Protein chains: 2
Amino acid sequence: MREKAEKQGNHYNCPVEATMEVIGGKWKVIIIHHLLDGTKRFSELRRLIPQVTQRMLTSQLRELESDGAVHREVYPQVPPKVEYSLTKLGKTLEPVLLVMHDWGNNFIERS
Amino acid sequence: MREKAEKQGNHYNCPVEATMEVIGGKWKVIIIHHLLDGTKRFSELRRLIPQVTQRMLTSQLRELESDGAVHREVYPQVPPKVEYSLTKLGKTLEPVLLVMHDWGNNFIERS
DNA sequence: TTACATAGTATCCTTTTGTATACCATGGAT
DNA sequence: ATCCATGGTATACAAAAGGATACTATGTAA
């Protein structure tokens, strides 16, 4: 999905699918959830989401960054320090996650 | 994702992810979109979504059905007639799709 | 000079998801 | 008798997503 849309120059047939592509990765909503709480270092996110591998965390963050939802700030230090935060656009995802959260809760209760 | 959650007895760590599992399939939101418009026969959905293969349309509909979002009504006729409609739960997805639709539109405009 | 911490890459593999294509069952119309 | 339409299944395959594991670069501190 991502690949295809990107090759076609970010043209999506449907806005809902565009949203799905941005937040659809396995770890993205958890990442966004934690970033809504404030700026986090890479290592902090790893600690907050222990199940995610380093490779996955990196790739999900980079995709969010290239979609403009996340800002990546590299500090020229050793050992490295990289901070991730939500952009203005990224913050607008909060109501989206909220609605999905509420629907999901209702769904879980039923089953 | 689906498999795992189902084997664990539909226990989701996160409500947002539960929602993602329900509407996350490649064709589900389009299907739901059309069903929000009213009950549709299988062949109607095929015509409305020409890119989807029969197999995919069937499997996405069956997943939506087993999640309780879609109702499947089989009429004992030949040739067969099967109608799909949204359940009460399925209809509650409308506001979710709407928020995602709006966010997606805003996202597309920016890029 | 050696070890350490951080934030990564690289490689290989498995699982999941989706596609392509062919086939099937049925009862009524011709 | 046979052909048709509908709503599927079955099988094989391709691609995408994700996971496991090992490796790397670098300035600083001991």
Side-chain angles (χ1 to χ4, degrees), chain A residues 1-8 13-14 17 20-31 34-35 39-67 70-85, chain B residues 1-8 13-14 17 20-31 34-35 39-67 70-85:
Chain A
M1 275 174 151
R2 283 194 70 80
E3 303 304 322
K4 205 163 140 201
E6 274 162 17
K7 273 173 195 155
Q8 289 169 356
N13 4 2
C14 167
E17 274 157 35
M20 294 276 283
E21 280 183 28
V22 175
I23 65 172
K26 180 156 178 185
W27 305 99
K28 291 186 182 175
V29 297
I30 319 168
I31 291 171
H34 286 297
L35 291 183
T39 297
K40 297 274 179 294
R41 289 186 63 168
F42 185 79
S43 52
E44 287 183 273
L45 288 170
R46 287 201 73 185
R47 253 170 273 131
L48 289 165
I49 316 167
Q51 317 95 303
V52 74
T53 63
Q54 199 165 28
R55 181 187 175 281
M56 268 298 111
L57 184 54
T58 304
S59 83
Q60 301 277 287
L61 281 166
R62 295 293 168 83
E63 286 182 10
L64 287 168
E65 187 193 9
S66 86
D67 284 331
V70 157
H71 173 70
R72 179 168 176 265
E73 183 81 29
V74 184
Y75 295 86
Q77 308 179 351
V78 167
K81 174 178 173 182
V82 179
E83 281 186 348
Y84 291 93
S85 56
Chain B
M1 273 176 151
R2 283 194 70 77
E3 302 303 323
K4 206 164 139 200
E6 274 162 17
K7 272 171 196 157
Q8 288 170 355
N13 4 3
C14 167
E17 273 158 34
M20 294 276 282
E21 281 183 26
V22 175
I23 65 173
K26 178 156 178 184
W27 306 98
K28 291 186 183 175
V29 297
I30 320 169
I31 292 170
H34 287 296
L35 291 183
T39 297
K40 297 274 179 294
R41 289 186 63 168
F42 186 79
S43 50
E44 288 184 273
L45 288 171
R46 288 201 72 184
R47 254 170 273 132
L48 290 166
I49 316 166
Q51 318 94 301
V52 74
T53 63
Q54 199 166 27
R55 183 184 175 283
M56 268 297 111
L57 184 54
T58 304
S59 82
Q60 301 277 287
L61 282 166
R62 294 295 168 81
E63 286 183 11
L64 287 168
E65 187 194 8
S66 87
D67 285 331
V70 157
H71 173 69
R72 178 169 177 265
E73 182 81 29
V74 183
Y75 295 86
Q77 308 179 352
V78 166
K81 174 177 174 183
V82 179
E83 281 186 347
Y84 290 93
S85 57

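Note that the structure is a prediction, hence the values are computed from the model and not measured. Every chain is numbered from 1 and lettered A, B, ... according to where its sequence line falls, protein lines coming before strand lines.
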inquiry  = Applying a 4.0 Å non-hydrogen cut-off, can you work out what B:Glu83 is touching in the nucleic acid: base, sugar-phosphate, or nothing?
reply    = nothing
task = Can you figure out which of D:dG18, C:dT6, D:dG7 approaches the side chain of B:Val82 most closely?
result = D:dG7
query = When all nucleic acid strands are considered with a 4.0 Å heavy-atom cut-off, which category describes A:Gln60: base, sugar-phosphate, or nothing?
reply = sugar-phosphate
Minimum heavy-atom distance between A:Gln60 and A:Lys28, given as atom pair plus value = OE1-CG, 3.2 Å
note = Per atom distances to the B:Trp27 side chain, the nearest of D:dG19, C:dT19, C:dG8 is C:dT19
request  = Take atom NZ of A:Lys26 and atom C1' of C:dT14, then tell me their distance rounded to the nearest Å.
outcome  = 12 Å
A:Glu17 CD to C:dG18 C1', straight-line distance once rounded to whole Å = 14 Å
message = So, does A:Lys81 get its side chain near the phosphate of C:dA5, meaning an N or O under 4.0 Å from OP1 or OP2?
response = no
request  = Measure from CZ on A:Arg62 to P on D:dG18 and round the result to the nearest Å.
outcome  = 17 Å
key: side-chain N/O B:Arg46 vs D:dG7 OP1/OP2, d < 4.0 Å   = no
inquiry  = Both B:Val78 and B:Tyr84 contact DNA chain D. Taking the nearest nucleotide for each, which residue is further toward the 5' end?
reply    = B:Val78
task = Can you measure from OH (B:Tyr84) to NE2 (B:His34) and round to the nearest 0.5 angstrom?
result = 15.5 Å
request  = Check if the side chain of B:Arg55 and the base of C:dT19 share a donor-acceptor pair of N or O atoms closer than 3.5 Å.
outcome  = yes
Distance in angstrom units between B:Arg47 CZ and D:dT6 C1', rounded = 10 Å
OP1 or OP2 of D:dG7 under 4.0 Å from side-chain N/O of B:Ser43 = yes
Euclidean distance, atom CD of residue B:Glu63 to atom P of D:dG8 [Å, nearest integer] = 15 Å
task = Please state whether the phosphate of C:dT19, meaning OP1 or OP2, lies under 4.0 angstrom from any side-chain nitrogen or oxygen of B:Gln54.
result = no
task = Take the protein atom CD of B:Glu73 and the nucleotide atom P of D:dG8, then report the distance between them rounded to whole Å.
result = 13 Å
ask   = With respect to the side chain of A:Met56, which nucleotide from D:dG7, C:dG8, D:dG18 is positioned closest?
value = D:dG18
task = For A:Glu83 and A:Lys81, work out which heavy atoms get closest and say how close.
result = OE2-CE, 3.6 Å
ask   = Starting at CD of A:Gln77 and ending at C1' of C:dG8, how long is that distance when rounded to a whole Å?
value = 15 Å
message = Just to be sure I understand the rule, does B:Tyr75 reach a base, reach only the sugar-phosphate, or reach nothing, if contact means heavy atoms closer than 4.0 Å?
response = nothing
